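Working notes, beginning with the structure itself.
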Amino acid sequence: MIAATPEVAKERRKPQKINVRILRQDAPGKPQYWERHQVDYEPDMNVISVLQKVAAQSKTSDGSAVAPVSWDCGCLEEVCGSCTMVINGRVRQSCSALVDRLLEQAPEEIELRPMNKFPVVRDLMVDRSRLFRALQRVKAWVPVDGYYDMGAGPKISRDDQERDYPLSQCMSCGCCLDACPQFTKIELQRQPNESEDDLKKRRNEAYDEGFVGPHAISQAMLFNSNPVGKNMADERLEALMAPGGIQACGNAQNCVSVCPKQIPLTTSIARAGRAVTVYALKKIFDR
Amino acid sequence: MANRVVVIGGGLAGLAATMKLAELGAPVDMISLTPVKRSHSVCAQGGINSVSDLTRQEGDNEWTHFDDTIYGGDFLQHQPPVKEMSFWAPKVIDLMDRLGVTFNRTPEGFIDRRRFGGTLYRRTAFAGATTGQQLLYALDEQVRRRESEGLVKKYEFWDFLGPMLDDNGRCVGAVAQDMVSMEIRSFPADAVVVATGGCGLVYGRSTMSVFCTGSAASRCFQAGGKYGNAEFIQVHPTAIPGADKLRLMSESARGEGGRVWVPRRPNDSRYPKDIPESERYYFLEERFPKYGNLVPRDIATRQIFNVCVNEGLSVDPTRLCVYLDLTHIPRAELDRKLGGILEIYEKFQGVDPREEPMKIFPAVHYSMGGLWVDYEKSADGGLLPGSPKNQMTNIPGLYAIGECDYQYHGANRLGANSLLSCIFSGLFSAPGIINWMKSNKSVASMSSTIFERAVAKQQDRHKALLSGNGGSENPYLIHQELGDIMTRSATVVRENTQLTEAYAKVLELQERSKRCALSDTGNWSNQNVIFTKSVQDMIPVALTILKGALQRDECRGAHFKEAFAQNSLTAEDPIERRRQAEEWCDDFEKNNKQFLKSSVATFDGTEPDVQYEDVDTSLIPPRPRLYGLVGAEVIEEVWKERSVAKSLDQPKASTSEKQLVSV
């Protein structure tokens with residue numbers, strides 16, 4: 001085996017225990033606090049399996065019993081977008097954060113924090129409803145007549161498919177939003193006697209004024225290039241021209257560098273910028 | 001007030017049903033453990049099957065797709081629903097195409113197809129190697145569109161606790177719990193649709209997502225719903241072992257030419273690429289020349305298991321695995337057609353599968369069994385569109401669709417048929433649900449005591465768990481033990497002593513699970529109590545799997561008991577061989593009389609009772625599955641002669657049936 005020697009060397013460095021430092025918060029509006037946990041090392045671990053052990057033992061490294069750490073996860077293979085958190089300072093999926101790699105970077109401990117730009121529900125769980133709301137805002141769907149059998153859709157060239165497929169892999173994980181300087185946290189507290197529906201309404205109104213985000217801009221471009229989706233292109237461009245639309249982008253390019261699916265978000269943003277300009281000019285001349 | 005439907009689960013099946021119900025004008029409440037866009041359907045990789053204009057010209061048709069599915073499932077499915085699904089398949093793909101799914105394309109712009117297991121035709125449409133994700137997103141987008149129009153309301157991060165039944169046993173809604181505020185409330189509804197997927201977590205680690213506990217189906221089972229064919233659990237031949245999960249390596253890797261092999265010499269420590277062709281054992285290709293690497297999953301799984309466990313040819317000294325080799329295929333082609341799954345391998349294993357063969361081993365993947373559901377047969381042997389009976393469980397008004405029903409895949413599912421059965425059952429059931437609601441009294445007029453009673457029952461369970469009842473059991477460890485027991489006793493090879501022991505152990509776990517001490521007794525986003533409930537509810541399903549497996553003394557599809565296997569013919573002499581083949585066919589017929597039956601379980605609060613129901617085989621008469629058996633050709637010959645003799649004996653079938661059979 002070619003890699004035999006370095007592997008042996010790596011084996012020797014494997015620790016018995018892993019230290020984890022977790023930024024916890026019991027509920028919205030409550031203070032955040034750090035807590036240390038220690039779990040047994042096993043080969044091929046990821047941050048999910050560390051958190052599973054943390055939940056099973058429910059004890060801090062100094063032995064005091066605590067409630068298990070809350071976090072969100074789903075597929076564990078980086079296609080569902082659930083398990084986003086900030087790991088050693090970088091926003092990413094915790095399933096694909098392999099412990100061996102993290103320890104190579106920082107052998108002392110692994111640091112876990114919730115995402116920065118979304119309201120914390122508890123510990124590492126955040127409320128990302130704003131992210132889905134943005135998909136409604138840009139009408140990210142193909143406006144088909146209905147779901148009866150009407151035969152096949154239009155032919156699509158291979159080039160078009162290869163342009164669109166990467167965009168359609170967006171799993172709404174929120175990494176791009178967390179890394180974006182223009183995307184700032186919107187957190188509303190329930191007011192006395194406010195119903196769940198009223199709170200949701202108020203929240204959506206606030207979301208609709210904030211920056212829509214790179215993921216939604218990219219989805220708008222995806223549907224604007226679909227042969228039937230583009231029938232609603234103007235409506236999507238209107239949404240991108242509104243406050244919190246494309247002009248809010250500061251071109252920091254953080255989004256594309258943190259996207260776990262390497263979606264060409266900045267290309268989408270550039271496309272959207274051009275399309276909005278053309279559309280705005282057209283509107284002036286058509287007046 | 002319009003009739004409301006509650007749909008539990010937002011994977012392909014739940015979304016397809018919701019979208020169609022909304023189109024037909026019914027308001028829908030969707031209840032899901034997770035934002036529906038994150039449902040487990042996203043993990044489906046390889047593709048979705050249907051006959052296409054191209055395969056048709058190669059001799060394929062809907063009937064052949066139907067036949068492949070039935071034969072692949074070892075004849076354990078009722079045939080009318082499967083027939084209907086196969087004939088609908090091209091329409092399903094057309095619809096998904098219109099909804100904007102980014103299917104791979106041929107140079108001219110048609111949907112490209114690849115070959116999958118258990119068929120000789122290239123029927124499978126795909127979007128890279130993330131087909132499930134792409135299909136799910138298209139449906140999610142349509143449901144979001146309906147949501148913005150106000151017809152769909154989503155309750156995400158809500159846990160379904162059980163159906164609500166009125167005094168006549170009709171389902172009149174659901175009880176669910178907000179996983180953040182922990183509020184328990186009722187959702188009165190004129191029909192409830194359960195679309196909650198498989199039960200892989202009963203096995204601890206599997207290819208399934210963390211949501212796939214089977215507890216939603218179990219809650220319906222415990223409320224009186226029947227559970228069918230529980231013992232049929234698909235173990236996928238190719239997965240990547242991991243500490244938290246066994247990650248799927250799609251069948252499409254073999255569909256695109258991937259080859260499975262081991263070195264012929266045990267413990268050969270050479271780097272795989274240094275092992276010359278002649279010293280490699282391509283065991284699937286050698287043993288199954290016709291299907292090669294694309295034999296059905298149950299067959300491939302047992303072969304890989306066997307090569308590692310019994311023949312000692314595992315390619316890794318520390319664990320069991322074989323090579324799945326793609327390195328002979330050009331890099332650009334791999335990236336275009338399999339990019340998604342190769343990235344998964346690379347990300348989680350740190351090895352580039354374009355350069356070095358992957359190491360894979362079988363893993364629990366799919367539940368063929370699930371909630372028992374009904375159907376109404378049409379004159380042409382398919383399903384009657386719009387019948388309220390289609391997909392309805394034995395609890396009136398409670399429907400089950402997708403992986404959590406038992407209907408489409410029999411004893412073994414063919415690759416790329418699950419996405420089809422999910423979307424099909426969702427779309428097809430919707431008009432029947434509308435008709436059910438039209439012909440029944442609306443729940444809006446019902447007394448609220450039924451709903452209050454149902455909520456109170458769940459609140460009692462919740463409070464009892466939080467108070468701990470003086471127990472000291474750790475739910476996470478109980479889950480681990482359950483997974484270990486199930487993985488050892490009820491996967492690839494099953495054996496009666498082991499199953500009996502496992503059953504007794506799971507009964508012990510059941511007792512212990514009632515004495516869990518929670519490490520979180522709070523009432524805000526308490527994942528500990530949600531998990532504990534799901535572990536408790538995995539146990540009825542686990543017991544049903546074990547009991548079904550124990551009682552089924554035969555081999556069928558994914559269910560394999562060495563002691564009851566029908567073996568290869570041994571005689572060389574043609575006359576003796578012929579005699580053995582006759583005997584083989586006698587045994588086969590005798591076995592079918594006893595076991596060509598679906599297991600149907602009911603639950604009495606502690607243990608399942610497993611009874612049997614006849615399978616509707618009116619369209620395709622059962623025949624032996626002979627993959628890789630020595631003497632298969634002689635057995636086939638004998639079987640054909642018997643079938644011809646039988647059809648001459650029988651009174652003439654009606655014209656329509658005859659036409660179907662001769663297609």
Side-chain angles (χ1 to χ4, degrees), chain A residues 1-2 26-27 42-46 48-49 52 55-56 58 65-68 70 72-82 95-96 98 121-122 125 128 132 135-136 139-144 146-147 149-153 155-158 161-162 164-165 168-169 171-172 223 226 228-229, chain B residues 19-20 23 34-35 37-40 42-43 91 94-95 97-100 102-111 127-128 130 133-134 137-138 141-142 144-145 147-148 180 209-211 242-245 247-248 269 271 336 340 344 347-348 350 427 474 476-477 519-520 522 524-525 527-528:
Chain A
M1 300 264 265
I2 302 168
D26 296 343
E42 276 172 33
D44 301 327
M45 284 176 102
N46 55 5
I48 297 284
S49 48
Q52 284 171 339
S58 296
V66 289
S70 291
D72 194 6
C73 65
C75 72
L76 313 187
E77 54 192 55
E78 213 183 61
V79 283
C80 80
S82 295
C95 64
S96 58
L98 305 182
V121 174
R122 182 176 181 177
M125 289 263 311
R128 279 175 283 179
F132 294 110
L135 297 178
Q136 279 194 41
K139 300 182 169 36
W141 52 75
V142 178
V144 292
Y147 315 123
D149 175 32
M150 308 298 285
K155 274 201 230 172
I156 307 262
S157 75
R158 203 175 241 188
Q161 191 272 345
E162 285 172 10
D164 293 344
Y165 176 71
S168 70
Q169 279 188 300
M171 56 185 181
S172 303
F223 289 96
N226 177 281
V228 177
Chain B
M19 159 183 121
K20 188 70 192 173
E23 177 180 41
T34 182
K37 193 177 177 179
R38 312 202 189 285
S39 304
H40 178 62
V42 294
C43 289
K91 298 187 234 178
D94 283 350
L95 174 60
D97 182 25
R98 284 171 50 220
L99 297 185
T102 53
F103 286 117
N104 277 49
R105 299 286 162 167
T106 65
E108 194 183 328
F110 292 106
I111 293 177
T130 61
Q133 186 190 39
Q134 300 308 312
Y137 289 0
E141 288 147 11
Q142 293 302 317
R144 183 166 295 106
R145 174 184 175 197
E147 186 187 17
S148 73
V180 175
S209 297
V210 300
F211 325 114
D244 54 334
K245 185 187 187 184
R247 295 179 177 83
L248 178 65
S269 61
Y271 183 67
R336 188 159 51 80
I344 290 178
K347 234 167 207 168
F348 288 93
L427 290 176
N474 182 333
Y476 300 99
L477 299 182
S519 42
D520 184 357
W524 180 260
S525 186
Q527 295 181 332
N528 201 213

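Just so it is clear: chains get the letters A, B, ... in the order the sequence lines come, proteins before strands, and each one is counted from 1. Since we're looking at a predicted model, the values are computed, not measured.
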Exercise: identify the closest heavy-atom pair between [X] and [Y]:
X	Y	value
Cys75(A)	Cys43(B)	CB-SG, 3.4 Å
Asp97(B)	Gly153(A)	OD2-N, 2.9 Å
Ser96(A)	Lys347(B)	CB-CD, 4.2 Å
Asn104(B)	Gln161(A)	OD1-NE2, 3.4 Å
Asp44(A)	Ala243(B)	O-CB, 3.7 Å

Chain A interface, residue from [options] that has the most non-hydrogen pairs under 4.5 Å:
options	answer
Gln142(B), Lys91(B), Glu108(B), Glu147(B)	Gln142(B)
Glu23(B), His40(B), Lys37(B), Lys20(B)	Glu23(B)
Gln133(B), Glu141(B), Arg105(B), Arg38(B)	Arg38(B)
Ser148(B), Ala138(B), Gly100(B), Gly350(B)	Ser148(B)

Examine whether an atom of [X] lies under 4.5 Å from a heavy atom of chain A, and if so say whether it belongs to the side chain, the backbone or both; otherwise answer neither.
X	answer
Ser39(B)	neither
Leu99(B)	both
Phe348(B)	both

Measuring from atom [atom1] of [X] to atom [atom2] of [Y], what distance do you get when rounded to the nearest 0.5 angstrom?
X	Y	atom1	atom2	answer
Asp244(B)	Cys95(A)	CG	SG	8.0 Å
Phe132(A)	Arg144(B)	CZ	CZ	6.5 Å
Leu95(B)	Met150(A)	CG	CE	11.0 Å
Asp94(B)	Asp149(A)	CG	CG	6.0 Å
Met125(A)	Gln527(B)	CE	CD	6.0 Å
Phe211(B)	Ser82(A)	CZ	OG	4.5 Å

Under a 4.0 Å N-O cut-off, is there an ion pair linking Asp520(B) with Arg122(A)?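 So Asp520(B) pairs with Arg122(A) through a salt bridge.
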Given the options [options], which has more heavy-atom pairs under 4.5 Å with chain B than any of the others?
options	value
Ala65(A), Pro43(A), Gly146(A)	Gly146(A)
Asn226(A), Val228(A), Val121(A)	Val121(A)
Phe223(A), Tyr147(A), Tyr165(A), Trp141(A)	Tyr147(A)
Lys155(A), Arg128(A), Glu42(A)	Lys155(A)
Ser70(A), Ser58(A), Ala27(A), Cys73(A)	Ser70(A)
Ser49(A), Gly74(A), Pro143(A)	Gly74(A)

Under the side chain to side chain donor-acceptor pair (under 3.5 Å) test, residues paired with Lys139(A) that sit two or more places apart: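 Side chain to side chain donor-acceptor pair (under 3.5 Å) check on Lys139(A) returns nothing, list empty.
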Could you tell me which portion of [X] (side chain, backbone, both or neither) has an atom closer than 4.5 angstrom to a non-hydrogen atom of chain B?
X	answer
Val144(A)	both
Glu162(A)	side chain
Ser157(A)	backbone
Gln52(A)	side chain
Ile156(A)	both
Met171(A)	both
Leu76(A)	both
Asp164(A)	both

Who are the ring pair (Phe, Tyr, Trp, His ring centres under 6.0 Å) partners of Tyr476(B), not counting sequence neighbours?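 Ring pair (Phe, Tyr, Trp, His ring centres under 6.0 Å) check on Tyr476(B) returns Phe531(B).
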Answer yes or no: is there a donor N or O on one side and an acceptor on the other, between the side chain of Gln134(B) and the main chain of Ser168(A), under 3.5 Å?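 Pair found, side chain donor or acceptor close to backbone of Ser168(A).
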